[in-house]
Amino acid sequence: ALLAALALFVCACVFVPPGTTTGDLAAVSDEPPLVLSAPPATRGDAGWSGASRDADLAHVVIDLSLDLEARRVIGEVALTFEALRDGTEEIGLHAADMEIREVQDGMGQALAFRRQGDRLRVTLDAPVAKGDQATVVTRFTAVPKRGFQTSLMAGDVFAPQAFGAGEPDGLRWWLPLWDQPGDLTSVDTTVRVRDDLSAIANGVLVEVDTEMGGARSEEAYPWRQQTPIPVRAIAVAAGRFETFASEAGSTELYFHLPAGTDEVSAQRTFGETAALVTYLELRLDRPFPFPRYDQAALRDLPQRTLDGASLTLLDDDELVSVEDELDDLRERPRRIVARSLARKWFGVWLAPLEERHRWLLDGLAMQLELDYEARVRGEPEVALEWEELREKIVRRSRESVAAVDELSREERAERAGWAVRVLRTRLGEESYLALVREFVRADAEGTVARRVVTAEDFRRAALDTLGVDVGPELAQW
């Protein structure tokens, strides 16, 4: 029955002669070519020619002081960038509704700047040649309306916390950065918080430093993310945590839960993380992208999870009690952990050039999530879930016809998962897995720029690996 249902949605894959390229196909096809990934200097789309971005980020240093009582972020961001064209005289950043106190170059000289809506335009002291690097340091104060949130109370209990992430509301409200897909950078993040809190960010914790200031001492938590990550994968969190540690091969795992959480509760929610990491590594024939992975539970997240790079924030409503464990037949917390882990390969390790290409990566991540579920719960039960998903998509489509960008990310991911499922069924398991492994391997072992991918890159990988044109399935999305 499932295969019959799949057939209703299938566009046949096109088998082509070995050596055929996407350029060859474009010459004889009526469908418009998609964007192929390429180094920044050779891209021709608006996102890479300077219309929306002037340079390629090389490194970011973030220093934040969190004032939870005032719901305020005081900080400094140093951007080291490489110019994308000769004579770059101005850099544009996103900085919505924040006070810009000062902008300097890397030598400490003041730079002129002006506001333009939610953009900050910085005039450099001298033109920068294509391929050369320069640094811009922005000092700012923000009381963010979106993207970053602080709170002091959990009901009647004093439980201070703060968190910020690039999704779903963007970085521009709490960090002066390029708030758009298509750029990867290494990041050093220092988060300064009151001494009764701890702070988490992407990467590896370097050293905690206690600093005295005013009536209360402040602790600085410096984190170093050496592997370049998408700018929008930057995330931070602070609070009173109980922290538990584990490992999966060479990857260190840390679970940060609300103060007072016991180890048994932590195990019920995050206990399968190590097994998931190991399974996904074997499935993709590719090690976990980061030496350390942190998961933190906080309250009042705008959605069930916020995906950073090596940091995932989970709403504490998802923490599993004994009663929840008995009632939740599909074991939702494990599903959330699985999907967030899968997105570390598809969405971080391979990052979308533009938002319109994210659907494919979400769909590939969902396949991994449900592959693990089939291993745990059995193929028949997961096949039934796929069928229920198909019915949900059909029902939703009949209720209203909405543009894809009007759907929630979770609903887009479900539709993407189904689209990739159709493709997978057409290719067969062996060919599909070979294609996915090659897609990850080819880009992950290339240059940093090649790790920014498009749907057309997946099509090219299918041509190179299988001699199959999956363009019709991609266009069906």
Side-chain angles (χ1 to χ4, degrees), residues 10-49 56 181-184 228 230 283-286 289 342-343 345-368 404 416-417 419-477:
V10 167
C11 294
C13 298
V14 179
F15 291 83
V16 298
T20 303
T21 67
T22 49
D24 297 332
L25 287 170
V28 297
S29 173
D30 292 332
E31 60 178 289
L34 299 175
V35 179
L36 287 170
S37 69
T42 64
R43 290 189 188 272
D45 58 296
W48 290 81
S49 65
D56 186 30
D183 203 359
L184 298 156
R283 189 75 175 160
L284 294 172
D285 192 25
R286 167 65 51 189
R343 284 175 172 168
W345 279 277
F346 298 109
V348 177
W349 188 242
L350 300 181
L353 171 65
E354 295 173 330
E355 199 63 33
R356 64 191 175 95
H357 299 289
R358 186 183 295 277
W359 74 268
L360 176 63
L361 301 178
D362 280 347
L364 292 167
M366 189 173 181
Q367 303 303 307
L368 288 176
V404 172
V420 176
R421 175 78 169 177
V422 170
L423 171 62
R424 180 176 184 170
T425 301
R426 290 294 301 163
L427 291 176
E429 284 300 300
E430 185 176 342
S431 294
Y432 171 79
L433 185 58
L435 170 58
V436 173
R437 286 179 170 178
E438 182 60 28
F439 185 50
V440 176
R441 182 179 302 111
D443 290 274
E445 291 179 355
T447 64
V448 168
R450 288 187 63 210
R451 291 174 52 231
V452 179
V453 298
T454 69
E456 188 72 355
D457 291 326
F458 189 72
R459 182 184 181 188
R460 180 170 56 187
L463 283 169
D464 293 342
T465 305
L466 307 175
V468 176
D469 178 23
V470 298
E473 281 76 13
L474 298 183
Q476 179 180 312
W477 161 252

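Numbering starts at 1 and runs along the sequence shown.
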Do Arg437 and Arg286 come within less than 4.5 Å of each other through their side chains, counting heavy atoms only?
no
Describe, in one word, how the ring planes of Phe346 and Phe439 are oriented to each other, choosing from parallel (under 30°), tilted (30 to 60°) and perpendicular (over 60°).
parallel
From CZ (Arg460) to OG1 (Thr454), nearest 0.5 Å:
7.5 Å
Closest non-hydrogen contact found for Leu353 with Val452 is CA-CG1, 3.3 Å
What's the separation between atom CZ in Phe458 and atom CG in Leu463, rounded to the nearest 0.5 Å?
11.0 Å
Give, for atom CG of Leu350 and atom CG of Asp457, the distance between the pair rounded to the nearest 0.5 Å.
9.0 Å
Set out, in order, the CA-CA distance, both residues' side-chain angles and the distance that settles side-chain contact (heavy atoms from CB on, under 4.5 Å) for Tyr432 and Val420, then state yes or no.
CA-CA 10 Å; Tyr432 171 79; Val420 176; 3.7 Å; yes
Do Pro181 and His357 touch side chain to side chain, with heavy atoms closer than 4.5 Å?
no
So do Trp359 and Leu474 actually touch side chain to side chain, heavy atoms under 4.5 Å?
yes
Are any side-chain N or O atoms of Gln367 and backbone N or O atoms of Gly417, one a donor and one an acceptor, separated by less than 3.5 Å?
yes
Out of curiosity, Thr465 OG1 to Leu427 CG, how far, rounded to the nearest 0.5 Å?
10.5 Å
So, Arg343 side chain and Asp362 main chain: donor-acceptor pair closer than 3.5 Å or not?
no
Any side-chain heavy atom of Val348 within less than 4.5 Å of one from Pro230?
yes
Ionic contact status for Arg283 with Glu429, cut-off 4.0 Å:
yes
Rounded at 0.5 Å granularity, tell me how far CG in Asp285 sits from CD in Glu438.
10.5 Å
Testing the basics here: between Ala342 and Ala365, what is the closest heavy-atom pair and its distance to 0.1 Å?
CB-O, 3.5 Å
Find the distance between CZ (Arg421) and CZ (Arg424) and round it off to the nearest 0.5 Å.
6.0 Å
When every non-hydrogen atom of Leu184 is compared with those of Ala351, the smallest separation belongs to CD2-CB, 4.1 Å
